[in-house]
Asker: 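The following block contains the structure, expressed as structure tokens.
Computed from heavy atoms alone, side chains included, the values below leave out hydrogens, waters and symmetry copies. Order of the sequence lines fixes the chain letters, A, B, ..., with proteins taken first and strands second; residue numbering starts at 1 for each chain. Computed from a prediction, not measured in an experiment: that's the story for all the values here.
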There are 2 protein chains.
Amino acid sequence: MRSSELPQVKALGLFETMSEQSFERLMQAAYLQTFPAHLTLIHEGDTADFLYVLVEGAVELYAAANGREETMAVVRPVETFILAAVLKDAVYLMAARTIARSRILLVSAADVRLAFEEDAAFARAIVSELATRYRGVVKEHKNIKLRSSVERLANRLIRYEAEQGGHGVLELPYEKRILASLLGMTPENLSRAFRTLKPYGVSVNGSSVVLNDLKALAVIAKPNLLIDG
Amino acid sequence: MRSSELPQVKALGLFETMSEQSFERLMQAAYLQTFPAHLTLIHEGDTADFLYVLVEGAVELYAAANGREETMAVVRPVETFILAAVLKDAVYLMAARTIARSRILLVSAADVRLAFEEDAAFARAIVSELATRYRGVVKEHKNIKLRSSVERLANRLIRYEAEQGGHGVLELPYEKRILASLLGMTPENLSRAFRTLKPYGVSVNGSSVVLNDLKALAVIAKPNLLIDG
DNA sequence: CGACTCTTTGAACTACCTCAAATGTGGTGG
DNA sequence: CCACCACATTTGAGGTAGTTCAAAGAGTCG
């Protein structure tokens, strides 16, 4: 693999504390590859042969059943995905496809499990990462079970605005179609939810959103650190 | 703590492989306590001071927001709960209360983190447990996003029947009110969902359920190993 | 420019919820 | 052991959030 991205990967929470030696061994059999947009990387039910690290781009994790298909999460750089399946040597519960052209590091799953055995710092980092991910899914599950779709959208907008600098403006990081599915609604309903939020200072123009009245928006969103934090 | 339950705890996947020495140290500062039914053990947002091990009884994990309250999971013996919060030294994302009179082992969270550092086998077990839990929440999330309430009930009945011996009969392990919330619906809607399943061989009498036509039930349930497995 | 796909809008439908009341059930104290 | 009470469950009626289907704009990319 090209070595120019290595420092970026090593800086990842998961690899940061592990020994240089273990890291090098792990990277020796790793591929850094560029994939075009809309390419399916993994299918539900496949065995987990690789741990994926998204270096650049965006990846959608989705699941299908009963003829329906829903976005479960969107991975942004630099982040790993499907760690749990790799550690359990189990099949993937979610499928993954690129949303945009993406640079992805593929690390051998067997090597990850080996490094876990041999490097205590790596083991700690894995636990930390896994626990964080676990809490992330729990929050998402609370989000779905405890909130209406308009509330979910309002809180998501508040989150994006904060992540993007807190200047009252934000760019939707991917298509509304995907955002809708991620928030557990149809595209049509997302469109209507945006209109519902207009009286609360939300104006939308394509993928650009302006929040003119954060206070009013917070009243309807009722943000909650134990869901959004 | 009483020592008669110790073997039962040691046999837990999480503690099974750890050294006797580490285990004994962990248990030295642990309490085994009996709690009456309907007692709140932990509140959302509390700091995680203990890892809980349910030895006997039943515990409901729930979450509240917007004046609503929903059951997130039900813990059955012998199982741990809120492991992720303990490992991250973070606040609990879910509250917990006993459903029935319960015997619960409380292990110091700091001791768990210490044992994790010192005992590699324990570290492995924790990762395995955490990864399994992670996959459990993902499955539950798929369940909610991809299925209707009747489908969720049908699959849940199929699961209980299998767990309880596969003889075509099952006992609902807790109140319908809680089952309803766990499945993401109101008690009224659960009652109607049971009636919807009657033509598929489901007859209910209090907490006793008979499945007279598993084949027909499976047709409507469309069970899926990547959700129910 | 033309052919996509995405997004929005409208209209009709449906799954699920809310409210209210009747009925059933388990636990408690006399 | 029984009567009572509180609460769980069921049933009915009506409402609402969200879906589906259809079709018209609006970007986007070759």
Asker: Atom OH of Tyr174(B) to atom C1' of dT25(C): distance rounded to whole Å?
Answerer: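 Taking OH of Tyr174(B) and C1' of dT25(C), I get 20 Å after rounding.
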
Asker: Please determine whether a side-chain nitrogen or oxygen atom of Arg177(B) lies at a distance below 4.0 Å from atom OP1 or OP2 of dT10(D).
Answerer: no

Asker: May I ask you to establish whether Arg101(B) and Phe35(B) are in a cation-pi arrangement, using a distance under 6.0 Å from NZ or CZ to the six-membered ring centre and at most 45° from the ring axis?
Answerer: no

Asker: Between P on dG26(C) and CD1 on Ile99(B), what's the gap in Å once rounded to a whole number?
Answerer: 17 Å

Asker: Kindly give the heavy-atom pair with the smallest separation between Ala154(A) and Leu217(A), and that separation in Å.
Answerer: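 Nearest heavy atoms, Ala154(A) then Leu217(A): CB-CD1, 4.0 Å.
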
Asker: Taking atom P of dA17(D) as reference, at what distance in whole Å does atom CD1 of Ile220(A) sit?
Answerer: 11 Å

Asker: Which of these nucleotides, dG18(D), dG10(C), dT9(D), is closest to any side-chain atom of Glu175(B)?
Answerer: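 Per side-chain heavy atoms of Glu175(B), the pick is dT9(D).
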
Asker: Five pairs per end, C1' atoms only: what is the angle between the end axes of the helix from dC1(C)-dG30(D) to dG30(C)-dC1(D), to 10 degrees?
Answerer: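 Inter-axis angle at the ends, rounded: 50°.
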
Asker: Counting only heavy atoms from other residues, nucleotides and ligands, does the tally under 6.0 Å from CZ of Arg68(A) exceed 12?
Answerer: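 More than 12 heavy atoms, drawn from other residues, nucleotides or ligands, come within 6.0 Å of this atom.
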
Asker: A cation-pi test, strictly: NZ or CZ of Lys176(A) under 6.0 Å from the centre of the six-membered ring of Phe194(A) and no more than 45 degrees from its axis. Yes or no?
Answerer: yes

Asker: Atom CG of Asn66(A) and atom C1' of dT19(D): how far apart are they, to the nearest Å?
Answerer: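 Spelled out: CG on Asn66(A) to C1' on dT19(D) is 16 Å.
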
Asker: Heavy atoms only, 4.0 Å cut-off, all strands: where does Asn189(A) land among base, sugar-phosphate and nothing?
Answerer: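 Here Asn189(A) touches the bases of the nucleic acid.
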
Asker: Got a salt bridge between Arg159(A) and Glu163(A), using NZ or NE/NH1/NH2 to carboxylate O under 4.0 Å?
Answerer: no

Asker: Does Leu182(B) offer a backbone N or O that forms a donor-acceptor pair with the side chain of Lys145(A) under 3.5 Å?
Answerer: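 Between the backbone of Leu182(B) and the side chain of Lys145(A) there is a qualifying donor-acceptor contact (under 3.5 Å).
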
Asker: Taking 4.0 angstrom as the limit, do Arg156(B) and Glu140(B) come out as a salt bridge?
Answerer: yes

Asker: Between dT8(C), dG18(D), dC16(C), which nucleotide gets closest to the side-chain atoms of Lys176(A)?
Answerer: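 For the Lys176(A) side chain, the nearest candidate turns out to be dT8(C).
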
Asker: Write down the distance between CE (Met185(B)) and P (dA15(C)), rounded to a whole number of angstrom.
Answerer: 14 Å

Asker: Under 4.0 Å: is that the gap between some side-chain N or O of Thr186(B) and OP1 or OP2 of dC16(C)?
Answerer: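 Indeed not, no polar side-chain atom of Thr186(B) lies that close.
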
Asker: Between atom CD1 in Ile178(B) and atom P in dA8(D), what is the gap in whole Å?
Answerer: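 These atoms are roughly 9 Å apart.
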
Asker: Can you pull out every ring-ring contact (aromatic ring centres under 6.0 Å, His included) where at least one residue sits in residues 63-87 of chain A? Sequence neighbours excluded, please.
Answerer: Tyr52(A)-Phe81(A)

Asker: Could you give the NE2-to-C1' distance, from His38(B) to dT28(C), as a whole number of Å?
Answerer: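 In whole Å, dT28(C) C1' and His38(B) NE2 are 14 Å from each other.
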
Asker: Using only heavy-atom distances, determine whether the side chains of Lys198(B) and Ser203(B) contain a donor-acceptor pair under 3.5 Å.
Answerer: no

Asker: What integer distance in Å separates Lys145(B):NZ from dT19(D):C1'?
Answerer: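 The distance from NZ of Lys145(B) to C1' of dT19(D) comes to 15 Å, rounded to the nearest Å.
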
Asker: Between protein and nucleotides 19-22 of chain C, what N or O pairs are separated by less than 3.5 Å?
Answerer:
from	atom 1	to	atom 2	distance (Å)
dC19(C)	N4	Glu188(B)	OE2	3.1

Asker: Measuring to OP1 and OP2 of dG18(D), would you say a side-chain N or O of Ser149(A) lies under 4.0 angstrom away?
Answerer: yes

